[in-house]
Protein chains: 2
Amino acid sequence: MTLAQLNNKFLPDCLDGGMGVGYTLHTCAINHLCSVYRVLAMEKVSIKDIAKAAGVSHSTVSRALRESPLVNVHTKERIQDLACEMGYSPDAQARSLVTGRSYTVGVVVTTIADPFVAEVVQGMESTAHDHGYTVILSSSNSEPEREIAAVEMLRAKRVDGVIVTSSRIGALYLDNVERIGAPVVLINNHNEQSGHYTYTISVDNHHGSLLATNHLINQGHSRIAYITGPANHSSDTERLAGYRQALSEDSIPYDPTLVVPGDGKPVGGMRALQALIERTQPPSAVFCYNDMTAIGLLRAAREAGISIPGDLAVIGFDDIPLASFVCPPLSTISQPKKEMGRLAMEMVLTLAESDDPVRPESSDIVVKGKLEVRQSTL
Amino acid sequence: MTLAQLNNKFLPDCLDGGMGVGYTLHTCAINHLCSVYRVLAMEKVSIKDIAKAAGVSHSTVSRALRESPLVNVHTKERIQDLACEMGYSPDAQARSLVTGRSYTVGVVVTTIADPFVAEVVQGMESTAHDHGYTVILSSSNSEPEREIAAVEMLRAKRVDGVIVTSSRIGALYLDNVERIGAPVVLINNHNEQSGHYTYTISVDNHHGSLLATNHLINQGHSRIAYITGPANHSSDTERLAGYRQALSEDSIPYDPTLVVPGDGKPVGGMRALQALIERTQPPSAVFCYNDMTAIGLLRAAREAGISIPGDLAVIGFDDIPLASFVCPPLSTISQPKKEMGRLAMEMVLTLAESDDPVRPESSDIVVKGKLEVRQSTL
DNA sequence: TTGTAAGCGTTATCAC
DNA sequence: GTGATAACGCTTACAA
């Protein structure tokens, strides 16, 4: 059976919908047809191959495949069937080369293994998907040079936009941002001296901190400790400030020795608990920079025989999925993670799709966290 | 100052290393130079622009930028400096179009918010990075048609390979796999009737199940329940089989009523506990399909006032990060998640880079889990 | 050592 | 309606 003969056997309902971007081709029934087609499909079939087989020019094929009205409905169908039979898959790169849009956005994270990050990324991916975009994932491991290398790589891949979570890069970054050509939005940016000419999504750390500290105060605590996060993160500075404001609003004197250093990870929380219980006058409650810190603290407390919340009330920040499953379930400030991912993606797509060459100077969305009361403070 | 004049001001140490793929361009000191360059960088600069500025042909530029030996060392330097100054970024898509390699692999997951998946993906991403590849992430939400659409999209993006985790697609898939043109490796494939002409990485479910059940038996238990995972997953079938074999090896009669349905999620575990304690003769130990199930069960037990492991010993499967932090810390079978991600990525890259057109019929790597004893069984 | 030209798979602008 | 033809930015023979 020759190719010409096969080409005459058109399948009627080969396509199950408009081809649009051409991703629905797979549904055609040809899958189960003559194995000769398999072989044909092996060799990448291009628009030109279809043109040759259909006896038309490649531009006609292009039009037919993109549902252009500028093509005879009959030949359009014929071409679509043929494309389907031959196992055609449009080359997104070639298309991007001429259209200038890749329908791809780059996402730079510290590590995807961080449950907080993972949920944010899920929000991003799903909204990207809804808009017909795909996501390139890149990890920075919190190393600035890896982060900037990732951005450069994304530039080479001609992404339509970039989202960076928990960026460590500040002023140095901005120069690169201007060169990248695609919009860059930062989510929970951790750098102190940024905040000019950028697009950001971030949680209101100060507000969340007020919620957490006030909750502890309302529970009757007045000796309240704060375990810090990693140094030089603006989020930590802001959370500390909120903690101090809550204290002062209730006329509770601020005791700097009750601020003990952590690192945003369980081990930091474990060490912090040690430091706290060694004090002559330990606190009755503690507000931790984040849930991971609180969870480490919880674990150390269990090992040290300290009852939570009896001896010590504990509240965290983030509301990672783990928080409600630890023992006791952890009170915390819930960040709308998926929502933030969604917002970041929508912002970057809006920027990418605006044909207005001059973008707004900056755009910063601040979302508010929510107090989640669980057993660790009751 | 004209472009020509600027072009004469070559920066000496503009590049800090071999250009290779051209991702190190950003490090050049020009960042802080004349703002005229900024403007130039705004308009995408191509190899031809550099050629024009340098007064050579664009092929010479191409060679210079790729460290080809076929170019005068002096002009090479001149061109590299120029490229750097002008803020050149190579177009990976254009390059891919001609070389046929995109240095990109697609990763399809159920959801990245699953901590198990996230860790596997981290293993993938980091080894991809080490090999100079990038990762496109796509979520299937466990919906077969979304999964297959994702694969089709990846085909359009001309990825060099695809990794699918926890695939639900079976025979139907294989046809598509043959058409994709790029190697596809499945990791912890969940489909019953697959297992021919594919490349897979999976954990030895049967073996892990033996470990878990034997551990419970060694602890003196003989009434041991099993909470199943989602229906029709081969992993569940295999774990159940391992459980049964362990029982029979110790001459413990198999009681089908001790196998209660779960769904692989906490809620399934919570419901399962309810079912167990309502029995006249409840089990003294329970082996859960996975950690999420066990964690739900733990929580329900706490609420029902059942002591773990006093009243009921519990063991899970997976060893997600959460497992060691719940209360009591959960005994489980640890899957080498990052390792599996690494193996999958290396397999797909090996397949992609082998210029041998005929690939091995199939290649299946089975890794063994490890018993992780914690307080929930002691 | 360098330049010319062809081509990768598209879309887009013209004519016809 | 359709078909040449020219891009898009790059690599790579083949010539010079």
Side-chain angles (χ1 to χ4, degrees), chain A residues 19-23 25 43-80 83 86-104 155-160 181, chain B residues 19-23 25 43-79 83 86-103 155-160 181:
Chain A
M19 279 209 29
V21 283
Y23 295 161
L25 280 174
E43 335 273 319
K44 291 259 148 252
V45 17
S46 81
I47 218 176
K48 279 182 188 161
D49 299 319
I50 300 174
K52 207 174 299 173
V56 295
S57 79
H58 75 278
S59 24
T60 300
V61 175
S62 175
R63 278 188 281 258
L65 260 29
R66 321 201 78 253
E67 289 292 343
S68 163
L70 303 159
V71 59
N72 180 296
V73 57
H74 183 63
T75 64
K76 172 160 74 182
E77 262 181 26
R78 198 162 57 94
I79 287 170
Q80 290 187 349
M86 297 173 73
Y88 171 75
S89 164
D91 187 322
Q93 314 201 80
R95 177 179 298 175
S96 165
L97 196 58
V98 34
T99 61
R101 326 214 64 250
S102 64
Y103 293 96
T104 300
R155 178 152 90 114
K157 290 265 204 272
R158 296 299 187 261
V159 295
D160 295 332
Chain B
M19 280 210 28
V21 284
Y23 293 161
L25 280 175
E43 335 273 319
K44 291 257 147 254
V45 19
S46 79
I47 218 175
K48 278 183 189 160
D49 300 320
I50 300 174
K52 206 174 300 173
V56 296
S57 79
H58 73 278
S59 33
T60 301
V61 175
S62 174
R63 281 187 278 258
L65 260 30
R66 323 203 77 252
E67 290 291 345
S68 162
L70 302 160
V71 58
N72 180 296
V73 58
H74 183 62
T75 64
K76 171 161 74 180
E77 263 180 26
R78 197 161 60 93
I79 288 171
M86 298 172 74
Y88 172 74
S89 164
D91 188 322
Q93 314 200 81
R95 177 178 298 176
S96 165
L97 198 56
V98 31
T99 61
R101 325 214 65 248
S102 64
Y103 294 96
R155 178 150 91 116
K157 290 265 203 272
R158 296 299 187 261
V159 296
D160 295 332

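Here is the naming used below: chain letters follow the sequence lines, and residue numbers restart at 1 for every chain. Excluded from the calculations below are hydrogen atoms, water molecules and symmetry mates; all remaining heavy atoms, backbone and side chain alike, are included.
For A/Ser59, the side-chain hydrogen bond (donor to acceptor under 3.5 Å, both in side chains) partners at least two apart in sequence or on another chain are A/Ser57. Take B/Ser96 and apply the side-chain contact (heavy atoms from CB on, under 4.5 Å) test, not counting sequence neighbours, and it matches A/Gln93, B/Ser102. Shown here are the salt bridge (charged side-chain N to carboxylate O under 4.0 Å, His left out) partners of B/Arg158, two or more places apart in sequence or in another chain: A/Asp91. Partners of B/Lys52 by side-chain contact (heavy atoms from CB on, under 4.5 Å), not counting sequence neighbours: none found.
Here D/dG1 presents its C1' atom at 16 Å from CD of A/Glu77, a figure rounded to the nearest Å. Here C/dG7 presents its C1' atom at 16 Å from CD of A/Gln93, a figure rounded to the nearest Å. Whole-Å rounding puts the A/Lys76 NZ to D/dG3 P distance at 16 Å. With rounding to whole Å, A/Ile50 atom CD1 is found 11 Å from C/dT11 atom P. When rounded to the nearest whole Å, the span between CZ of A/Arg101 and C1' of C/dT10 equals 16 Å. In this structure, CG of A/Leu70 is placed 13 Å from C1' of C/dC14, rounded to the nearest angstrom.
Between its two ends, the helix from C/dT1-D/dA16 to C/dC16-D/dG1 turns its axis by 40°, counting five pairs per end and rounding to 10 degrees.
A/Arg78 places a side-chain N or O within donor-acceptor distance of the main-chain N or O of A/Ala54, the cut-off being under 3.5 Å. A/Asp160 places a side-chain N or O within 3.5 Å of a backbone atom of A/Tyr103 that can act as its donor or acceptor partner.
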Restricting both atoms to N or O, compile the protein contacts to nucleotides 10-12 of chain D shorter than 3.5 Å, with distance only.
from, atom 1, to, atom 2, distance (Å)
D/dC10, OP1, B/Tyr88, OH, 2.5
D/dC10, OP1, B/Asp91, N, 3.2
D/dC10, OP2, B/Ile47, N, 2.6
D/dT11, OP1, B/Arg66, NE, 2.8
D/dT11, OP1, B/Arg95, NE, 2.8
D/dT11, OP1, B/Arg95, NH2, 3.3
D/dT11, OP2, B/Ser62, OG, 2.7
D/dT11, O4, B/His58, NE2, 3.1

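Note: B/Leu65 CG to B/Tyr88 OH = 5.5 Å, rounded to the nearest 0.5 Å.
When every heavy atom of A/Ile79 is checked against every heavy atom of A/Ile50, the shortest pair comes out as CG2-CG2, 4.2 Å. Between A/Val45 and A/Asp49 the shortest heavy-atom distance is CA-OD2, 3.3 Å.
Taking only side-chain nitrogens and oxygens, B/Ser57 never comes nearer than 4.0 Å to OP1 or OP2 of C/dT2.
Between B/Val73 and A/Leu97, the residue whose closest nucleotide on DNA chain C is further toward the 5' end is B/Val73.
Across all strands, A/Thr75 comes closer than 4.0 Å only to sugar-phosphate atoms, never to a base (heavy-atom distances).
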